[in-house]
There are 2 protein chains.
Amino acid sequence: MSDVGIVDVAARAGVSPGTVSNVLNRPEKVSPATRERVEAAIRELGFVRHGSASTLRAGHSRTIGLSVIDIGNPFFTDVTAGVEEVASDLGYAVILSNSAGSRAKEERNLLVLAEQRVRGVLITPSDEDPARLDRLRDRGISVVLVDHPPHRSDQCSVAVNDIGGGTAAVRHLMESGATSIVYVTGPLTIRQCLDRRAGAERAFGGPLRVIEMPAMTPRAGQQAAEKLIAEGGLPDAVFCANDLLALGLMRGLAHAGIRVPQDVALIGYDDIDFAAASAVALTSVRQPTHQLGRVATELLLDECDNPATHAHQQVMFQPELVIRESTR
Amino acid sequence: MSDVGIVDVAARAGVSPGTVSNVLNRPEKVSPATRERVEAAIRELGFVRHGSASTLRAGHSRTIGLSVIDIGNPFFTDVTAGVEEVASDLGYAVILSNSAGSRAKEERNLLVLAEQRVRGVLITPSDEDPARLDRLRDRGISVVLVDHPPHRSDQCSVAVNDIGGGTAAVRHLMESGATSIVYVTGPLTIRQCLDRRAGAERAFGGPLRVIEMPAMTPRAGQQAAEKLIAEGGLPDAVFCANDLLALGLMRGLAHAGIRVPQDVALIGYDDIDFAAASAVALTSVRQPTHQLGRVATELLLDECDNPATHAHQQVMFQPELVIRESTR
DNA sequence: GTCAAAAATTGAAACGTTTTTCTGACTGGA
DNA sequence: TCCAGTCAGAAAAACGTTTCAATTTTTGAC
């Protein structure tokens with residue numbers, strides 16, 4: 001139960017606590033000789049800075065929050081990896097919270113982050129209500145939207161053009177000869193789902209038949225397949241709002257003896273690693289996930305560390321169609 | 001930049017700060033009337049407790065750390081989901097860190113957790129050195145090992161019988177007629193990889209040909225396939241230390257025109273969701289991942305909240321063979 | 001209506017840092 | 001030798017909670 005504080009270190013090194021603090025936070029302000037001595041004392045005593053005391057006094061922490069919609073979705077783990085790389089480089093810790101598509105859970109998580117006095121928050125919001133985020137900002141917590149367009153112009157955001165992606169997907173299906181197309185999606189309260197539909201219908205030239213599932217998981221995809229079959233009238237092609245749905249749907253179709261792409265063409269979204277390894281390699285719309293996480297974090301930390309010079313930016317990436325067997 | 005503290009709330013409610021603190025931490029100690037009044041004040045002022053100040057004074061936080069080896073591996077995201085469920089129920093926040101298989105990174109992450117004064121740590125250690133964890137315990141931070149047998153008897157751990165799993169996997173391959181078997185694995189510094197090999201060789205009755213990759217990802221699996229082919233002498237069957245390797249290997253073999261299971265039988269480990277959806281549905285060894293996370297967290301929080309009555313436990317789950325096409 | 005015991009509330013100290021102001025101790029130019 | 005100008009380091013005051021002993025209020029039994 002070792003409990004060495006900054007004063008113990010100070011005593012050991014024969015300096016004042018203030019000097020130890022300087023060694024920790026502005027090493028350049030202290031002479032090499034004493035710095036060396038203090039660092040030795042820290043090492044010998046196994047001192048670990050008390051983050052809470054530090055945060056309390058300094059008024060801000062070295063942590064950022066990352067709130068995602070589904071940590072089980074490889075899309076978000078890829079984003080997370082990018083976030084962690086950058087944060088870690090700049091000495092920030094990341095508190096990861098998973099809203100699991102539940103607005104209530106997201107709210108609880110944001111409260112925890114606010115209590116922890118995180119420096120900033122990266123969030124893929126689970127709905128379109130900006131009020132919660134404005135409340136965070138009022139508390140002095142910077143917010144950067146991830147995979148979401150900005151609510152207003154005085155904030156940073158990093159997104160991918162989902163309308164364009166939806167358009168590209170359906171255009172490809174039509175060029176492959178499909179005339180009847182079904183859009184299988186998660187909750188249409190999620191912006192990504194809406195935008196991809198909008199893009200899809202723009203390419204299609206009219207409203208699409210839609211199957212809306214409560215989740216965007218392989219399980220939901222499989223259920224969507226049952227629904228599709230039960231409703232009768234199999235389409236030429238199915239566009240799924242993400243790859244998890246598509247993979248589940250593919251399995252569901254296979255169960256029913258329906259072949260992809262011979263009977264139904266299938267296209268997903270995200271191009272997760274597993275898309276290429278699936279039963280029939282899945283055509284998908286690739287997003288620069290890793291880059292998304294990196295850039296979002298860079299923007300956030302710039303906003304935190306250089307509030308004076310920081311210029312808010314809205315970054316928009318372009319997705320890329322990856323054609324595989326499921327649409328041939 | 002609202003900055004209401006406990007004293008503002010106290011003023012508004014016409015009570016002392018101590019009473020507000022009681023409402024927050026032991027509501028049963030304060031009369032319903034004043035409690036009501038204080039809660040109203042909290043709501044009206046939008047007060048959010050300063051977690052750092054609270055942690056500083058109380059000497060402990062309401063957060064736990066979770067350190068995993070690869071957040072991109074569905075095995076760990078499933079465990080994480082279980083952890084989060086239980087922690088969230090008991091009012092704890094989870095700080096998730098990813099060691100990405102790097103010992104140095106794990107060490108850095110543990111330091112961050114120690115600085116944050118987390119109440120306890122759930123960890124799947126990336127190597128066998130118990131020193132780092134002992135150091136945490138010396139600091140009064142409880143540690144529960146996840147997917148790892150105990151280093152000593154005075155600690156909690158939750159594991160799955162990997163030797164048994166390895167044995168079951170190879171026994172199944174042999175019963176299917178395989179006589180030459182290759183074990184494709186991640187770093188043999190990882191216990192899971194070692195144990196699964198031990199179990200595999202027990203079933204095989206002697207040493208197996210081993211291909212050791214530096215990572216346990218689909219990419220590494222694909223490279224393993226190239227290696228396997230380059231080395232010549234294709235075996236009857238391949239046992240992969242996890243499903244990611246197996247899926248990558250499957251893709252790699254397909255590229256080279258080698259068919260699974262006709263030319264080579266293939267079995268993975270973990271039974272991640274994607275195993276069933278792969279090109280050829282993958283035979284695998286299923287682990288109770290979600291349960292692993294739940295039980296580990298229950299043990300940890302019991303240790304934290306009831307140190308007096310807590311009894312250390314070492315839980316060992318049994319894996320389950322799931323047979324699919326890749327071994328038929 | 002009184003009194004002791006229990007319950008509710010108060011007030012101030014303390015948690016371990018960071019920050020700011022201030023004091024000495026050097027430096028080098030006159 | 002003196003002085004202004006630097007630079008290192010010291011000392012003490014915060015930061016916003018929780019806790020604990022002390023005090024007041026309420027309760028219940030007689």
Side-chain angles (χ1 to χ4, degrees), chain A residues 1-39 41-42 45-63 91 112 114-119 139-140, chain B residues 1-39 41-42 45-63 91 112 114-119 139-140:
Chain A
M1 195 73 77
S2 78
D3 216 18
V4 292
I6 216 172
V7 309
D8 303 305
V9 174
R12 172 96 173 206
V15 298
S16 80
T19 301
V20 177
S21 175
N22 279 335
V23 171
L24 258 29
N25 303 302
R26 308 105 113 168
E28 76 284 359
K29 290 283 168 208
V30 46
S31 76
T34 40
R35 190 196 317 168
E36 178 62 33
R37 208 144 29 91
V38 170
E39 279 165 353
I42 289 179
L45 267 47
F47 164 77
V48 173
R49 176 222 252 98
H50 195 306
S52 298
S54 166
T55 297
L56 173 58
R57 174 61 238 225
H60 55 81
S61 66
R62 294 289 282 180
T63 54
V112 169
E115 283 195 356
Q116 298 293 306
R117 294 303 196 267
V118 293
R119 196 71 181 278
R139 290 223 162 68
Chain B
M1 195 73 76
S2 79
D3 215 18
V4 291
I6 216 172
V7 308
D8 303 305
V9 174
R12 172 97 173 207
V15 297
S16 79
T19 300
V20 177
S21 174
N22 280 337
V23 171
L24 256 31
N25 302 302
R26 314 105 111 166
E28 75 283 359
K29 290 284 169 207
V30 43
S31 76
T34 40
R35 190 195 317 167
E36 178 61 33
R37 208 143 30 91
V38 171
E39 281 167 350
I42 288 179
L45 268 47
F47 165 78
V48 173
R49 176 222 252 99
H50 196 305
S52 298
S54 166
T55 297
L56 173 59
R57 174 62 237 229
H60 55 81
S61 68
R62 295 288 283 180
T63 54
V112 169
E115 283 194 355
Q116 297 294 310
R117 293 304 195 267
V118 293
R119 196 70 181 278
R139 291 226 162 66

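Each chain gets a letter, A, B and so on, in the order the sequences are listed, and its residues count up from 1.
With Val9(A) as reference, Val38(A) is the one residue of Leu24(A), Val38(A), Thr19(A) to meet the side chain to side chain contact (heavy atoms under 4.5 Å, CB included) rule. The residue from Asn25(A), Ile42(A), Ile6(A) that alone fulfils the side chain to side chain contact (heavy atoms under 4.5 Å, CB included) condition with Arg49(A) is Asn25(A).
Here dG16(C) presents its P atom at 13 Å from NE2 of His60(B), a figure rounded to the nearest Å. The nearest whole Å value for the distance from the CD1 atom in Ile6(B) to the P atom in dG16(D) is 11 Å. Across the protein-nucleic acid pair, Arg35(A) atom CZ and dC7(D) atom P stand 15 Å apart, rounded to whole Å. Distance Leu56(B) CG to dA14(D) C1': 12 Å, rounded to the nearest Å. Separating the CD atom of Glu115(B) from the C1' atom of dG16(C) is a distance of 13 Å, rounded to the nearest angstrom. Spacing between atom CD1 of Ile42(A) and atom C1' of dT17(C) amounts to 13 Å, rounded to whole angstrom units. Atom CG of Leu24(B) and atom P of dT17(D) are 9 Å apart (whole Å). If you take NZ of Lys29(A) and C1' of dT19(C), they are 13 Å apart, rounded to a whole angstrom.
For the residue pair Ser52(A) / Thr55(A), no side-chain donor-acceptor distance below 3.5 Å is found, with atom types taken as modelled.
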Collect all protein-nucleotide pairs involving nucleotides 21-23 of chain D in which both atoms are nitrogen or oxygen and the distance is under 3.5 Å.
none

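Within the 4.0 angstrom heavy-atom criterion, only backbone atoms of the sugar-phosphate kind lie near Val15(B); the bases stay farther away. Residue contacts for Thr55(A): at a heavy-atom cut-off of 4.0 Å it reaches no nucleic acid atom on any strand shown. Counting non-hydrogen atoms under 4.0 angstrom, Ser54(A) reaches the backbone sugars and phosphates but no base.
For the pair Thr63(B) (side chain) and Val118(B) (backbone), a donor-acceptor distance under 3.5 Å is absent.
You'll find that the side chain of Ala58(A) is closest to dT19(C), out of dT17(D), dT19(C), dT10(C). For Asp3(A), whose side chain is taken as the heavy atoms from C-beta onward, the closest listed nucleotide among dT17(D), dT9(C), dG16(C) is dG16(C). Comparing atom distances between the Ser16(B) side chain and each of dG11(C), dT18(C), dC15(C) picks out dG11(C) as nearest. In this structure, the nucleotide among dT18(C), dC15(C), dT17(D) sitting nearest to the side chain of His50(B) is dT17(D).
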Original post:
What string of B, S and - do you get for nucleotides 20-25 of chain C, 5' to 3', if B is base contact, S is sugar-phosphate-only contact and - is no contact with any protein heavy atom under 4.0 Å?
Top reply: ------
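Between the OG atom of Ser54(B) and the CG atom of Leu56(A) there is a distance of 10.5 Å, given to the nearest 0.5 Å.
When all heavy atoms of Val20(A) and Val15(A) are compared, the closest pair comes out as CG2-CG2, 3.9 Å. Arg35(A) approaches Val23(A) most closely through the heavy-atom pair CG-CG1, 4.1 Å. What you find for Ser16(A) and Ala10(A) is that their closest heavy atoms are C-CB, 3.7 Å. Counting all heavy atoms, side chain and backbone alike, Arg12(A) lies closest to Ala41(A) at CG-CB, 3.6 Å.
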